[in-house]
> 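The structure is given below, and queries will be raised subsequently.
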There are 2 protein chains.
Amino acid sequence: MTAGETEIVPKYLALAAALEADVVAAGEPHEALPTERTLQEEYGVSRATVRRAIAHLVASGAVYSVRGSGTYVADPSMIRKGLRLTSFSEDMDERGHRPTSETLGNDVVPADEILAEKLNVPVGEELARIHRLRLADGLPMALELARIPLKFFGGSLPDPRGSLDEQLSRRGHRAESADQSIRAVNLGFEEANLLSQPVGAAALRVERCARDVLGRPVECTETTYRADRYGFDLSVVRGAKD
Amino acid sequence: MTAGETEIVPKYLALAAALEADVVAAGEPHEALPTERTLQEEYGVSRATVRRAIAHLVASGAVYSVRGSGTYVADPSMIRKGLRLTSFSEDMDERGHRPTSETLGNDVVPADEILAEKLNVPVGEELARIHRLRLADGLPMALELARIPLKFFGGSLPDPRGSLDEQLSRRGHRAESADQSIRAVNLGFEEANLLSQPVGAAALRVERCARDVLGRPVECTETTYRADRYGFDLSVVRGAKD
DNA sequence: AAGTGGTCTAGACCACCGC
DNA sequence: CGGTGGTCTAGACCACTTC
């Protein structure tokens, strides 16, 4: 009587996933979801479970509820980002945008002092440098410059077609945590052209140094987002100091 | 006078506030809270309400729960908060700068639709608008435009000399959590002059709507930081959202 | 085995929205 | 006014930790 690995998935999460797929993904913004009492019947669960599933979707920004009126598909035009570490692809996926990328150039350079320290390698260590244009729904969204010790790829440049994150994960170097800095910059000529923005336009620059689960640095990435298409929306609390 | 109106505060929020004050604030890190079933009796509520209150505290990072074991006061040193809710003064103090401010203008305006909704007041409600230039070590750092219902100050404009945060705290409207959006903008003529920056320079615009411990909105503030002097540094982890 | 938090149910009443 | 989401109750069973 083998158990077979039956994964335990709470009903409310399964329901949230089902709603996300059935209604949210296929629905127009501001389209109403069935009422909670209707969903309760349709899915054969209690209303508390329906409400919990919906609360999950509200928290993730997929839907919003209006007291006395109903629950509706959220308008994804406002891109949101919380406090979690995500790749560009994950980030766009979560917000209902189709992420693609265009490689602008790959090369190998020796680590300068700053990068050497951040990546915890000797100065002069070979780093893969991957320069990409990131698009959302086919429109330029960000420029990304990743610097990763070549040794993490087994000595050769990564396949530009595949996900960088995935290739790192396969070798046990999945990014698990990161230090980030967020700043505003004016776009220079080259950046502006690549992003289809006017020269001097404001942009968000995110510098990220990621570490794997053991705390070893794996990559330093600089991402420059179009200010008119991207911003951070997050919740903060008055917590204790670090 | 005062507001004789009976505020409707959900039990679970009231309980969360009570637990925060009674147990969390006074307790040592990793000290166990009473069990949910104990709290249920002590406070005369259902277990679902106790759980909801605790869920609130977990989300705010004040406590953590361990399945099969108990719920414990969180160790502040282990809290990983990318960004915390801080006032400009606190923020500058932590960064080692001396914060000062220069009032550019105070007035009272009726709430438009957008602010009325965010602040949960009727359209036309009187809002205090405090426009200040924020300096760090005597140099312009940010422009701040705060909008706060006048009733939170007892009907008169706040003392421009004192800390806004403090004056709100004294009246029980301390900002405890907030929704924030971070974007990049190009400075206009007036903003640029006030910040001693060239016109068109990039800047970080932070829009913050803060709530008190009971979740009541207290202020909506728009802060524009000089990009050359300010940025966010934070840590992120790859965690589930929820 | 006893106790904990995690999930779920089947009810109920309320405040609010729209007709 | 009926229907909606928001809150709350009093149970129940489960998986897990702890002894």
> Under 4.0 Å from any heavy atom of chain B: name the first and the last nucleotide of DNA chain C that qualifies, 5' to 3'.
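Contact boundaries, 5' end first: dG3(C) to dT7(C).
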> Are the side chain of Asn120(B) and the backbone of Pro217(B) linked by a donor-acceptor contact shorter than 3.5 Å?
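Flag not set: sc Asn120(B) to bb Pro217(B) has no pair under 3.5 Å.
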> For Ser46(A) and for Gly68(A), find the nucleotide of DNA chain C with the closest heavy atom, then tell me which residue's nucleotide is more 5'.
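The residue mapped nearer the 5' terminus is Ser46(A).
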> With no hydrogens and no angle check, do the side chains of Arg183(B) and Ser181(B) hold a donor and an acceptor under 3.5 Å apart?
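The answer is yes; a qualifying pair exists.
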> With no hydrogens and no angle check, just 3.5 Å: does a side-chain donor-acceptor pair link Thr100(A) and Arg98(A)?
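No, no side-chain donor-acceptor contact under 3.5 Å.
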> Just by distance, with hydrogens left out, do Arg205(B) and Thr224(B) show a side-chain donor and acceptor under 3.5 Å apart?
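Side-chain D/A pair, Arg205(B) to Thr224(B): present.
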> Is Ser69(B) close enough to dT18(D) that one of its side-chain N or O atoms is under 4.0 Å from OP1 or OP2 there?
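Indeed, a polar side-chain atom of Ser69(B) lies that close.
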> Please tell me which of Arg52(A) and Thr35(B) maps to the more 5' nucleotide of DNA chain C, matching each residue to the nucleotide holding its nearest heavy atom.
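Nearest-nucleotide comparison on DNA chain C picks Thr35(B).
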> My understanding is that only one of Glu222(B), Glu219(B), Glu144(B) makes a salt bridge (Lys or Arg N to Asp or Glu O under 4.0 Å) with Arg208(B); could you say which?
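Exactly one candidate clears the test, Glu219(B).
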